[in-house]
Amino acid sequence: MQFHRPFKLFFVLGSIFITFLLMAEVTGSKWFQVLIGNKALTMTLGVIPFPITFIVTDLLNEYYGRRGVRYLTLVGMVMIVLAFFLLQLDMAIPAAGNSPVDDHSFQVVFFNTGQVITGSIVAYLIGQLVDIQVFHLIRKKTKNKLLWLRATGSTIFSQLLDSYVVIFVAYWGTYDFQTLNSISYTNFGYKIFIAIGITPVIYLAHYLIERYLGEDAHKMAEAALKEGKEEIQPYPG
């Protein structure tokens, strides 16, 4: 079987997406603080890997259209659910007497992760679907111009929803409203700062993808932009 370049690219981008998505889920229960002046801002570790998933989403949207992104979004959701059930199974298995990690330590870390995953599933679906639609809308309105606008604009809307939904669903009833609102706001601000800061990386990624795909890049981008009723067929590379 011969794997054409568009398929290889989709596979690599999809692998990056799933890896960063799952890392955001399993590390999201740990909070850390950043000192800005005399003020300590609290964030979750999930904010470090998670913005990468929206960059990959924008790249996939650019060349594979909404169908391609929705497919990967569905796969990502299934992987999150699978990870949740695997964690439940792992926590139910008693640790050996000589285990370097005892049951209590394992439960403390991953029980909270299970709660975060529950909130993340809801936030993930909402955020991804909003990102896909806003990206495609801006792209059509600007006639495939202003890459920075559609990449950053779609991320702002999606991350705003994601940042608040995941925190409030995961920790509602455990912490007071002020604490949850503060963490959500800080997470959102950080993600937007990163989204704007890595705009040059998005342009670089587009350049590298177009070099890799050659003429197929333009064909795929045009097909993704129009994306009518017909399925977007992969172009041999």
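Only this structure's heavy atoms are used, side chains among them; waters, hydrogens and symmetry mates stay out.
Annotation: the span from Thr53 atom OG1 to Leu60 atom CG amounts to 11.0 Å, rounded to 0.5 Å. Put simply, CH2 on Trp31 and CD1 on Ile183 are 3.5 Å apart, with the number rounded to the nearest 0.5 Å. Atom CG of Leu86 is separated from atom CE of Met91 by 10.5 Å, given to the nearest 0.5 angstrom. Interatomic distance, Thr44 OG1 to Phe32 CZ, rounded to the nearest 0.5 Å: 7.0 Å. Here Met79 contributes atom CE and Leu74 contributes atom CG; the two are 9.0 Å apart, rounded to the nearest 0.5 Å. The line from CG of Leu13 to CD1 of Ile55 is 11.5 Å long, rounded to the nearest 0.5 Å.
Side-chain contact between Met220 and Leu213: present, with at least one pair of heavy atoms (C-beta onward) separated by less than 4.5 Å. Side-chain contact between Tyr63 and Asp216: absent, with no pair of heavy atoms (C-beta onward) separated by less than 4.5 Å.
Applying the side chain to side chain contact (heavy atoms under 4.5 Å, CB included) test to Ala205 and every residue at least two apart in sequence or in another chain returns Leu59. For Tyr71, there are no ring-ring contact (aromatic ring centres under 6.0 Å, His included) partners at least two apart in sequence or on another chain. The side chain to side chain contact (heavy atoms under 4.5 Å, CB included) test applied to Phe11 returns Ser15, not counting sequence neighbours. For Asp103, there are no side-chain hydrogen bond (donor to acceptor under 3.5 Å, both in side chains) partners two or more places apart in sequence or in a different chain. Qualifying ring-ring contact (aromatic ring centres under 6.0 Å, His included) partners for Phe177, counting only residues two or more places apart in sequence or in other chains: Phe168. A search for ring-ring contact (aromatic ring centres under 6.0 Å, His included) contacts involving Phe188 returns nothing, not counting sequence neighbours. In terms of the side chain to side chain contact (heavy atoms under 4.5 Å, CB included) criterion, residue partners of Lys30 (sequence neighbours excluded) are, by chain and number, Leu45. Residues forming a side-chain hydrogen bond (donor to acceptor under 3.5 Å, both in side chains) with Thr179 (at least two apart in sequence, or on another chain): Asp176. Contacts of Ser182 classified as side-chain hydrogen bond (donor to acceptor under 3.5 Å, both in side chains), with partners at least two apart in sequence or in another chain: none. Take Thr42 and apply the side-chain hydrogen bond (donor to acceptor under 3.5 Å, both in side chains) test, not counting sequence neighbours, and it matches Gln33. For Val201, the side chain to side chain contact (heavy atoms under 4.5 Å, CB included) partners are Ile198, not counting sequence neighbours.
With a 4.5 Å cut-off between side-chain heavy atoms of Ile, Leu, Val, Met, Phe, Trp and Tyr, the cluster of Leu204 takes in Tyr207, Leu208.
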Test ring-ring contact (aromatic ring centres under 6.0 Å, His included) applied to Phe10 and His4, step by step
CA-CA 10 Å; Phe10 188 89; His4 300 303; over 10 Å; no

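Across all their heavy atoms, His206 and Glu62 have their closest contact at CE1-CG, 3.1 Å. In plain terms, the two heavy atoms of Tyr212 and Arg5 that are nearest each other are O-NH1, 2.6 Å. For the pair Leu9 and Ile209, the tightest heavy-atom approach, listed with the atom from each and the gap, is CD2-CG2, 3.6 Å.
The number of heavy-atom neighbours closer than 6.0 Å to OH of Tyr185, taken from other residues, nucleotides and ligands shown, is 12 or below.
Tyr64 places a side-chain N or O within 3.5 Å of a backbone atom of Pro6 that can act as its donor or acceptor partner. Side-chain N or O atoms of Ser184 include one that pairs as donor or acceptor with a backbone N or O of Leu180 at under 3.5 Å. The backbone N or O of His218 lies less than 3.5 Å from no partner atom in the side chain of Glu210, so there is not a single donor-acceptor pair.
In the hydrophobic clustering of this structure, Leu89 does not group with Leu82; members are Ile, Leu, Val, Met, Phe, Trp, Tyr whose side-chain heavy atoms approach within less than 4.5 Å, directly or through other members.
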